[in-house]
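Notes to accompany the following structure.
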Amino acid sequence: MYTLNEHDGYFKYSSRDIAEVLDIERHVNILKTAADNVLRHKVRTLVVILCLLAILFPFLTAMAISEGVKAESLASVMEGADIYVTLDQYGKNAPVPLRYLDEVKKINGVMRAVPRVLGRTYLGDRLAVVVGIPAGELPPSVECVEGKPFSSSGEAVIGVGLARHFNFGVGHAFMLGGTKGKMLKVTGLFKAESSIWASDLIFIPFEDASEIFKTGDLATDFLVYTRPGYTPAVAEALKKVEGASFRIQSKELVKQYFNKGFTLKGGIFTALYTVAFALAIPALLVSSGFGLSERRREIGVLKATGWQTSEVLEMVVFENLIISLTAAPLALLIAFLWLKGLNGLFIAQFFIAEIGLFPPFNVPARFLPVPAFLSFFFSLILTMVGSLYSSWRASVIPPAEAMK
Amino acid sequence: MEGVSNSACGSDEVNSASSEELGAGWAVPTNEKTMETIIKTEKLTKLYNQNTSYEVKALWDIDIEIKKGHIAILSGPSGSGKTTLISLLGAIDRPTRGKAFLMGEELTAMSDVALSRIRRETIGFVFQSFNLIPRLSALDNVAFPLIPMGVSLTERHRRASELLHRFQMGERMRHTPEELSGGQQQRVAIARALINNPHIIIADEPTSNIDAESVRYLIETLQALKKEGRTIIISTHDQSLFNLADVIFDVKDGIITGMREFKQ
């Protein structure tokens, strides 16, 4: 039987003393209780985490692809020419006559000037990018993993992705769509830093490309390589070439275009995703009323036994933090596996044009800290919106009412 | 108050133990001034669905006083307003109008923070349906009011375990409420109400969900708690508890219809 006389120093201090002394301990206690709650309410925790994962992992995958594509694009720009020269026609790029090539080569500071014909045509069922370039002028980043670069007309080097798709090897002959009998023989297969561009790329001699695309004495552009530090001077000199109205785009300018384009695309995507986050999921959580009545009763009991509203809310915030800290890294892991295992299935097509559901090459991806942080932030906001208000409502009404 | 004198509450011979009798370390229920009013209400009224056609007068102009160290029983049939009144006295509900005082402080004027502090430090509540948290063990159910007070887990469990052992629940303290009988759940609820060493224990229909053996055990427990000097307020229509009472308030249709005092 419980009697007070049996107490052996049971309560040595008043509850007020306890509350005043160990303030940090109080927060630690609430944190531990929140962790216990997360574990105790297994089904609720699981549903919330699954909801978060369903939203976060496509976001992280998409952002990783966006960043990967951006990085590859920038890498290809950095490996490319210092200046791209075209003619300016009403503010747009226009093909440049080959007669200017010698004049460009003579400019002080120019190491090399390479004419290029760029075009797109079908190879079988696949749209390929054809680059016509003089023999011996293949970009340094294009490395033949099999065979060798072309040396004369009628030869070609193709990307390994394309070769794999058509089961091509060195020595195979093929014909591009619309070329009426012009056969090209594969002399080499190449791999480049940029898997996107390399996958559908075919390098052929300049004259063959001129013939295929009927460009005559025009080139799509000149690639101008300058001596280090000479780029601005060369650009200035190009503006003064008599009779020509060149459109001059330096490496830095192209880099800026890429950066702006991808940042805009990524930004729009993030903004749309945020809106979807902000509207859809809290609405789902609130409308489904998932676990609300049980929670409300529990909060009523806590309040009836002396918990303050601030302490109840602190516990809820801790629970949300724990759930968010679990969901965000899990989403990151799933996004990583989705990219590595499934090559960005379904998601890559939103960022890379014309690749379909199943990307034919290794989708570039790059995980950066900002999207990872954003995913944590989003999940925190989501869980807070889904629970904080209802918890607050349950906390501020009289406990007798909350427990009903 | 209808038919009841506000001043006539309690007897002059209250059995209350002094701190010395209670043993070292026991700090709370010292009756330095016996016969001190611990709870008082003035025209306490509770309406539900106010200003609608479904308005219910759950309580109407209740004026009562309860003395420190007494056992007060609110008696009446189901739906008479006992639970509403006991909820207002226990500071877990707010009245529509009127005032309630606890140790001279007006409960009805207190902020949410102050009321929580009162519940934490002064009142232990035993609910009719026990209101134990389903997924927590008996031990954790008893210990959780100490969580926001910064008491370590070890200490919380030590205190809860001690109380549960004293209520002969030592072997069942790892069980969840659904694994316990009604009587056992009630013992857990009483242990939880005592974990903060409150001045006042409030029990709503404590015998309604338990068997006869548990009722006997409850009576012994309440007697012991009274001996410790605690004020106990019980709402019940179970006459087996009436022998414990210093005062019985008869509640019917939301009003006090009578008051009986006993010298214990």
Side-chain angles (χ1 to χ4, degrees), chain A residues 1-34 36-37 39-42 44 294 297-312 314-315 395-404, chain B residues 17 21-28 83-84 87-88 90-94 112-113 116-121 123-125 127 129 131-136 140 144-153 156 159 162-163 166-168 191-197 217 220-221 224-225 227-229:
Chain A
M1 185 62 221
Y2 171 71
T3 63
L4 194 67
N5 290 333
E6 289 172 11
H7 279 239
D8 45 359
Y10 174 32
F11 290 113
K12 290 183 177 165
Y13 30 66
S14 73
S15 53
R16 170 66 66 114
D17 294 335
I18 298 166
E20 283 173 359
V21 173
L22 300 165
D23 206 43
I24 297 292
E25 192 94 19
R26 192 171 71 93
H27 298 298
V28 172
N29 278 355
I30 294 173
L31 173 63
K32 285 179 182 170
T33 307
D36 279 348
N37 281 349
L39 293 174
R40 264 194 305 127
H41 296 273
K42 288 186 185 71
R44 187 174 71 191
E294 189 188 343
R297 200 161 171 272
E298 214 172 277
I299 289 172
V301 177
L302 293 180
K303 288 294 304 278
T305 53
W307 282 55
Q308 299 282 1
T309 298
S310 60
E311 289 157 354
V312 171
E314 184 179 342
M315 185 183 75
S395 299
V396 294
I397 58 173
E401 202 178 313
M403 285 187 292
K404 275 177 187 166
Chain B
E21 283 177 292
L22 296 172
W26 187 255
V28 177
T83 296
T84 305
S87 297
L88 295 175
I92 62 167
D93 203 356
R94 284 187 186 270
D112 182 56
V113 172
S116 288
R117 194 166 291 138
I118 291 279
R119 292 192 291 264
R120 176 182 295 182
E121 297 174 357
I123 299 170
F125 215 115
F127 302 97
S129 52
N131 278 335
L132 300 175
I133 295 179
R135 291 182 183 83
L136 287 183
D140 286 327
F144 80 73
L146 295 174
I147 289 170
M149 298 167 75
V151 182
S152 70
L153 180 68
R156 288 201 305 268
R159 291 189 200 178
E162 200 172 299
L163 277 170
R166 285 179 178 154
F167 287 114
Q168 295 171 9
R192 182 180 67 187
L194 290 173
I195 193 77
N196 285 339
N197 193 22
Y217 190 83
E220 285 174 19
T221 304
L225 292 172
K227 204 174 171 191
E228 289 166 8

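Keep in mind that what you see is a predicted model, and the values were worked out from it rather than measured. We name chains A, B, ... by the order of the sequence lines, and we start the count at 1 in each one.
- Atoms CZ and CG, on B/R135 and A/L39 in that order, are 12.0 Å from each other to the nearest 0.5 Å.
- Most heavy-atom pairs under 4.5 Å with chain B, from the set A/K303, A/E401, A/E298, A/K32: that is A/K303.
- Minimum heavy-atom separation, A/W307 to B/R120: CA-NH2, 4.0 Å.
- Between chain A and the residues B/L136, B/D140, B/I123, B/L88, the most heavy-atom pairs under 4.5 angstrom are made by B/L136.
- Ranking A/S310, A/S395, A/G300, A/P399 against chain B, the residue ahead of the rest is A/P399, based on heavy-atom pairs under 4.5 Å.
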Side chain to side chain contact (heavy atoms under 4.5 Å, CB included) assessment of B/N131 paired with A/R297: CA-CA 9 Å; B/N131 278 335; A/R297 200 161 171 272; 2.7 Å; yes

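- No more than 12 heavy-atom neighbours from other residues, nucleotides or ligands sit within 6.0 angstrom of NZ on A/K42.
- Interface summary for chain A: among B/I147, B/D93, B/D112, the most heavy-atom pairs under 4.5 angstrom belong to B/I147.
- Of the atoms belonging to A/L302, heavy atoms from both backbone and side chain fall under 4.5 Å from chain B.
- Shown here for B/P148 and A/E311, the closest heavy-atom pair between the two residues is CB-OE1, 3.2 Å.
- Between B/R119 and A/A304, the closest heavy-atom pair is CD-O, 3.5 Å.
- In this structure, the side chains of B/I133 and A/R40 come closer than 4.5 Å at one or more pairs of heavy atoms.
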Pair A/E25-B/M149, side chain to side chain contact (heavy atoms under 4.5 Å, CB included): steps then yes or no: CA-CA 8 Å; A/E25 192 94 19; B/M149 298 167 75; over 6 Å; no

